Protein chains: 2
Amino acid sequence: MSTQRSTPPPAPRRGGATLQQVADAAGVSLATASRVLNGSARTVNAELSEHVREVATRLRYVSHGPAQALARATTSLVGLLVHDVNDPYFSAIAAGAMRVARERDLLVMVANTYRDPALELDYITRLGAQRARAILVAGSPPVDPALAEPLRERLLDYQHGGGRVVTIGDQGPEIDAVLPANADGARAAALHLTGLGHREIGLVAGPRGLVTIADRSAGFRAGLMASDNDPHGIEVEGDFTRDGGYAATRRLLAEHPEVTALFVMADVMAVGALAALRDAGRRVPADISLVGFDDLPICADLVPALTTVRVDTEGMGEQAMRMVVAEPDLSGEPDVADSEAEDPHAGRTVVHSATELVVRGSTGPVT
Amino acid sequence: MSTQRSTPPPAPRRGGATLQQVADAAGVSLATASRVLNGSARTVNAELSEHVREVATRLRYVSHGPAQALARATTSLVGLLVHDVNDPYFSAIAAGAMRVARERDLLVMVANTYRDPALELDYITRLGAQRARAILVAGSPPVDPALAEPLRERLLDYQHGGGRVVTIGDQGPEIDAVLPANADGARAAALHLTGLGHREIGLVAGPRGLVTIADRSAGFRAGLMASDNDPHGIEVEGDFTRDGGYAATRRLLAEHPEVTALFVMADVMAVGALAALRDAGRRVPADISLVGFDDLPICADLVPALTTVRVDTEGMGEQAMRMVVAEPDLSGEPDVADSEAEDPHAGRTVVHSATELVVRGSTGPVT
DNA sequence: GCAGGTTCGGAAAGCGCTTTCCAGCGTCCG
DNA sequence: CGGACGCTGGAAAGCGCTTTCCGAACCTGC
């Protein structure tokens, strides 16, 4: 009554019993309980061990992650940055990454950046604040250094702070990466098209600001150069969506009705392109051939089935997560389709993921 | 030399400066630094504040999430359980949930459960261990109580421990949920088909063990009953994938060539069904009509465009995340399309998300 | 000019856990 | 038979932060 210190009602502890409570109930020390329940190099007598475990179960003890993180100075969280999980390209990467994370007992924090540099920076900081063990950045960085540099620096900061970083797409020196062979695939697409006799070819690009697009475009043009019948490439740009592909294709068709083939740099856009072609009354591939990029699962079921460049998205996600988790000096056996190498730039690790042209029904000889 | 205690080289602190170091460098107390940098009810003199902030920036101070979590007894993490992020249905939910999470400054830990009950249990425990503030479970629970009960109990445990739980799909009393009007949509599909004169109708179901499928199937049959021309429903089961839909459809076609319409209970499967129909030489909709469920973005671009039941997946994800974050006694204004209500079962909150038949080119009158 | 109020910075007590160091004890070997 | 050693349990010192409680300084009004 006299005491002012009226303790507030001890709100039922969030999340059950404490290790201390378990230890007390089991009649052992905190140290012993910790060793039994949360793993340790030190071993504990089998019987005692069993007893502690029983008490813990009875008390519904659940370890306190943040406290462990604090004491151990490490967490089991990793971050994954994607442009948009709802885009099949990224959801496949995420699925691959999460599969590996699962094996390694890691929890994955996923964040949509919507390709907004400010959001990206913010998320990296926040993941750093959570002491995520690693950050995996999926999705093409911007071509513009003014946009790319801040991101890169923030990643480097994080990395210097002891975190691991792996990107899918090249973020420059010192940052490990897995890189899809965009140029190779695009080149193969060009060769395929010129081989079929096409000379007037439309390129439907995604946002030019992204290196992925720049690489695919450059690779395709390189393939064009390799042909001897002097093909023309006419490029238009569109948003990285179905509607972006639709709009860009309509524009291209209006301005250059002479094109007999289309190279669309992402399958999401190719879906729109196919619709645009249909709406414009152009038959595929009789009037015009169509090649996509990425090989989304839906491609094989479109009508006609889409010729496209396969990218092993899920595999890249897995590979990236594997690297993120591995000791920095990894020496894993490279995949058959992949090749691993020290980058000339710096001591970083770069894994190349092969791409492959998949010919289906949407391409045919020029008539 | 004599001392055995050779301190190991004090590895450069993971993640930069400590609040204490910032405080020291700024010549203020730990308490003040905390108040300035990490928000508090208490206010600090503007100049001092500015000074502390400067020092923090100079030292590249980044708050330590786990330590804050420990001290504050709460985190800014929420968990999201999905069957598979790589399935467009779930990636849309995830996108919706993540958008809201972003607004609320929450980090989302996403986990693929692959519909494996053991994995689900494990993830819930681990999210609990991380002291996730809430867990959002997307995806139909199993019909079998032997499978559903353990999950439900674990969720309840977590909830009693102070965490919030919201499910998309009904996990029973005491657990808040947002429920797509599966039965309504299926009923509308049935009415549509019988209205077109179809009497021999195939139902291509997903795994029967899931209540989502059970609901859709029951709803469809209810719609059939409402028709006066005595329609027949022949049901086959398939996996929740494109190939599952393909295989089930082929089987159905082989055994019941008389069907003139197909109701496929998920668009992923409908894509396979469409392929199976094509491969079997059946024209859609001339020979056979096709209705799907979910209205994935690709539906409108299939040939023919798929008639389907729209489910507001992204909206459900948003809604669920909003509930998860809201005070348990939420009283938000219900969406136009949604209706919120106290469940008769218990004091829980249930939000219904409307579904809507979208008629496109894949259905037509029976000939 | 002074009592009573208000601000605002600092000291210190944890939050739940890991891990080092120490102590007790049984064992082995010379 | 005694000392060295290995093994195992416990005490205690943090990990980085929040927050309560204090007290000093300053302000107000009479």
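Throughout, a chain's letter reflects where its sequence line sits, starting with A, and its residues are numbered from 1. Small disclaimer: the values here were computed from a predicted structure and weren't measured.
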- Whole-Å distance separating the CG atom of B:Leu37 from the P atom of D:dC17: 9 Å

- Does B:Arg72 make a side-chain N or O approach to OP1 or OP2 of D:dT18 shorter than 4.0 Å? yes

- Message: For D:dT18 and B:Asn38 - does any side-chain N or O of the residue sit under 4.0 Å from the phosphate oxygens OP1/OP2?
- Response: yes

- Task: State the CD-CG distance between B:Glu103 and B:Asp105, to the nearest 0.5 angstrom.
- Result: 10.0 Å

- Nearest-Å distance for atom pair NE2/P, residues B:His64 and D:dT18: 11 Å

- Query: OG1 of B:Thr349 to CD1 of B:Ile175: how many Å apart, nearest 0.5 Å?
  - Reply: 12.5 Å

- Message: Working to the nearest 0.5 angstrom, can you tell me the gap between B:Leu70 CG and A:His64 NE2?
- Response: 5.5 Å

- Query: Can you find an N or O donor on one side and an acceptor on the other, under 3.5 Å apart, linking the side chain of A:Arg131 with the base of D:dG16?
  - Reply: no

- N/O (side chain, A:Thr32) to phosphate O (OP1/OP2, D:dG9) under 4.0 Å: no

- Item | From C:dC17, D:dG10, C:dG10, nucleotide with atom closest to A:Val28 side chain | D:dG10

- Examine distances only and state if a side-chain atom of B:Asp176 and a backbone atom of B:Val166 form a donor-acceptor pair shorter than 3.5 Å. no

- Message: Measuring to OP1 and OP2 of D:dC17, would you say a side-chain N or O of B:Gln68 lies under 4.0 angstrom away?
- Response: no

- Item | Between P of C:dT18 and CG of B:Leu70, the distance in whole Å | 12 Å

- Query: Could you give the OH-to-C1' distance, from A:Tyr61 to C:dG16, as a whole number of Å?
  - Reply: 8 Å

- Numerically ordered, the residues 43-52 of chain B set in heavy-atom contact under 4.0 Å with DNA chain C is B:Thr43, B:Val44, B:Asn45, B:Leu48

- Message: Using only atom types and a distance under 3.5 Å, with no angle test, would you say the side chain of B:Thr113 pairs donor to acceptor with the backbone of B:Val82?
- Response: yes

- Along DNA chain D (nearest heavy atom to each residue), the more 5'-positioned of B:Arg42 and B:Ser63: B:Ser63

- Task: May I have the distance from B:Arg35 (atom CZ) to C:dT7 (atom P), rounded to whole angstrom?
- Result: 15 Å

- In terms of side-chain heavy atoms of A:Ala31, which of C:dG16, C:dA11, D:dG10 is nearest? D:dG10

- How many Å lie between CG on A:Asp24 and P on D:dG9, as a whole number? 17 Å

- Message: Rounded to whole Å, how long is the line connecting atom CG of B:Leu30 with atom P of C:dA12?
- Response: 12 Å

- Query: If you measure only the distance, is there a donor-acceptor pair under 3.5 Å linking the side chains of B:Arg53 and B:Thr57?
  - Reply: no

- Message: Whether B:Ser34 contacts D:dT18 is assessed here as follows: a side-chain N or O lying under 4.0 Å from the phosphate OP1 or OP2. Is that the case?
- Response: yes

- Could you tell me the separation between the CD atom of A:Gln21 and the C1' atom of C:dC15, rounded to a whole number of Å? 13 Å

- Test item: A:Arg115 side-chain N/O and A:Pro142 main-chain N/O as donor-acceptor pair under 3.5 Å: no

